[in-house]
Amino acid sequence: MATQTITATEAKPASFFATAPYIPPDAIFALTAEYNADSCPQKVNLGQGTYRDENGQPWVLPSVQKARDTLLSQGLYHEYLPILGLESFRNEAAKVALGAELYGKQRAKLAICQSLSGTGALHLAGLLLRSCRSPLPRVYVPSPTWSNHIQVFSSLGFQCESFKYYDEQKKTLDIESYLATLRAAEPGSIVILHACAHNPTGCDPSREQWKQIGAIMKERSLFPLFDAAYLGFNSGSVDDDAFAMRYVVDELQMEAGVCMSFAKNMGLYGERVGCLFFATGSEKTAKNTQSVLEMLQRSEVSNPPAYGARIASAILSSDDLRDMWYADLTTMSGRIRSMRRALYDALIKYGAHGSWEPLIRQSGMFGFLGLSPYVVNKLKEKYHVYMASNSRISIAGLNPSNVDYVARSIAECLDES
Ligand code: LMR
């Protein structure tokens with residue numbers, strides 16, 4: 001019998017991971033880590049979009065606190081949820097987005113699935129849409145956009161097309177470029193729409209502009225995929241902030257996808273409470289689509305986490321708790337609005353170079369300052385003021401004790417640059 005010689009290479013194969021490249025850490029999470037490691041007492045975190053109260057502390061919403069207490073009194077248990085998630089939560093979430101009346105009209109034509117917050121909803125939407133079309137449609141993404149959008153869709157094999165959303169000179173939404181992109185897009189393409197409180201620019205289309213956007217999308221058979229991560233953060237009213245989604249589904253009778261997150265508007269960041277639903281053209285399509293979502297969810301996460309969904313469901317299913325939540329949304333959006341104004345006033349007081357009117361025209365959680373990367377870096381290194389590299393600030397990081405310091409730091413940095 002022939003013997004085999006084992007060569008040195010066979011005995012010691014190269015690592016299975018030899019081809020893995022080094023990927024730099026995610027910028028916004030890395031910024032939070034840098035901020036946490038900074039020992040300067042004056043440090044200010046305007047990076048990640050997380051709400052802070054007037055003392056700079058994380059805020060557990062009173063409605064959430066009450067829902068938690070109720071759950072606790074009923075006894076906490078740790079059983080699996082169904083694959084599609086907690087049914088009461090799924091239904092109530094879709095009802096929040098569409099409003100009770102439209103939800104009632106559409107219910108039979110909705111495919112609804114709980115998700116791992118907004119990112120999970122986008123990812124699941126991508127998986128579902130990928131399974132529906134071959135060749136894969138393009139995904140149109142506004143530029144700038146949330147830092148994770150392109151990564152989510154390109155990791156699923158979609159070709160992402162960025163289009164100009166923001167006019168850097170005028171510091172406004174570039175509606176002409178937006179509409180031109182839609183007119184030229186291949187029918188069947190997917191368009192990512194920020195339902196409200198555009199991240200990072202804080203510039204949303206007006207209702208009239210939404211109608212123009214919707215009309216062209218319908219005419220060109222483009223698929224609207226809404227990222228609804230900030231409902232209630234613009235105006236304090238979920239109904240006002242949901243205008244675009246409801247217009248597309250109700251007035252235009254279009255099929256659409258909605259990716260919801262309750263991270264920001266319920267402050268349930270780490271609980272990963274989200275929901276994906278599709279408004280489809282018929283009961284049969286909805287039933288089939290939901291069955292595909294169920295299969296995709298089973299192979300990805302098996303079944304979604306229960307605790308946050310139970311909290312959200314308790315809030316949304318009770319008139320009292322829902323009213324408390326509406327009041328909490330008014331508190332958060334109102335405090336953000338007053339800090340936006342306070343920053344504007346202080347920038348004017350310190351004579352900071354530049355035009356700051358756009359800051360008070362913007363809405364939602366973020367301010368888009370239009371500072372150079374040099375200034376952004378200097379603010380961090382010299383003044384310990386942290387913001388995203390594109391000079392997006394999370395306004396909720398401002399409070400009466402630090403807003404003056406932040407404005408003075410920006411004014412000084414601009415003088416020095
Ligand atoms: C942000 O934009 O800062 C947040 O949505 C946090 C994140 O996950 O990027």
Side-chain angles (χ1 to χ4, degrees), residues 23-36 43-52 56 58-59 61 115-126 141-155 160 162 165-166 192-204 225-234 241 258-276 301 305 308 312 329 332-333 336 339-340 362-369 371 373 376 379-380 385-398 406:
I23 311 284
D26 179 83
I28 202 75
F29 276 82
L31 191 74
T32 306
E34 263 190 274
Y35 169 82
N36 289 338
K43 67 181 179 174
V44 181
N45 189 4
L46 307 177
Q48 203 156 34
T50 44
Y51 184 78
R52 294 290 178 261
W59 196 53
L61 277 59
S115 65
L116 293 180
S117 204
T119 308
L122 287 159
H123 182 78
L124 195 54
V141 186
S143 174
T145 194
W146 178 46
S147 56
N148 212 9
H149 275 150
I150 293 188
Q151 188 160 266
V152 167
F153 288 94
S154 55
S155 71
C160 293
S162 289
Y165 178 86
Y166 185 71
I192 306 293
L193 303 160
H194 295 229
C196 68
H198 182 268
N199 178 3
T201 68
C203 295
D204 288 335
L225 184 60
F226 285 98
D227 182 344
Y230 292 91
L231 282 186
F233 260 75
N234 255 13
D241 289 359
V258 175
C259 301
M260 301 180 75
S261 161
F262 289 90
K264 322 280 178 175
N265 58 16
M266 286 195 182
L268 291 170
Y269 305 94
E271 304 303 341
R272 315 312 288 144
V273 189
C275 182
L276 162 68
V301 299
L329 284 172
M332 291 193 286
S333 58
I336 290 174
M339 281 300 117
R340 189 185 284 287
Q362 295 160 6
S363 60
M365 191 165 215
F366 300 111
F368 204 43
L369 298 183
L371 303 176
V376 170
L379 280 164
K380 181 176 77 176
V385 173
Y386 291 72
M387 64 183 69
S389 58
N390 59 6
S391 78
R392 182 199 80 172
I393 56 170
S394 173
I395 307 251
L398 294 171
V406 169

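Note that ligands are numbered from 1 as they come in the structure, with each ligand's atoms numbered from 1 the same way. Just so you know, residue 1 is the first one in the sequence shown, and it goes up from there. What you see is a predicted model, and the numbers here were worked out from it, not measured in a lab. The figures here come from the full heavy-atom set of this structure, side chains too, leaving out hydrogens, waters and symmetry mates.
Counting heavy atoms from C-beta outward, Met260 and Asp227 have side chains that stay 4.5 Å or more apart.
The closest side-chain donor-acceptor pair between Asn199 and Arg392 falls under 3.5 angstrom.
Among residues two or more places apart in sequence or in another chain, the ring-ring contact (aromatic ring centres under 6.0 Å, His included) test is passed with Tyr386 by Tyr35.
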Taking it one step at a time, do Tyr230 and Phe366 satisfy ring-ring contact (aromatic ring centres under 6.0 Å, His included)?
CA-CA 11 Å; Tyr230 292 91; Phe366 300 111; 5.7 Å; yes
Between Tyr51 and Tyr269, is the ring-ring contact (aromatic ring centres under 6.0 Å, His included) condition met? List the steps.
CA-CA 10 Å; Tyr51 184 78; Tyr269 305 94; 8.8 Å; no
Criterion ring-ring contact (aromatic ring centres under 6.0 Å, His included) on Phe153 and His123, from CA distance to verdict:
CA-CA 7 Å; Phe153 288 94; His123 182 78; 8.7 Å; no
Between ligand 1 and the protein, which N/O pairs are shorter than 3.5 Å?
unit_1	atom_1	unit_2	atom_2	d
ligand 1	2 (O)	Trp146	NE1	3.3
ligand 1	2 (O)	Asn199	ND2	3.2
ligand 1	2 (O)	Arg392	NH1	2.9
ligand 1	3 (O)	Gly49	N	2.9
ligand 1	3 (O)	Arg392	NH2	2.7
ligand 1	5 (O)	Trp146	NE1	3.4
ligand 1	5 (O)	Lys264	NZ	3.0
ligand 1	9 (O)	Trp146	NE1	3.0

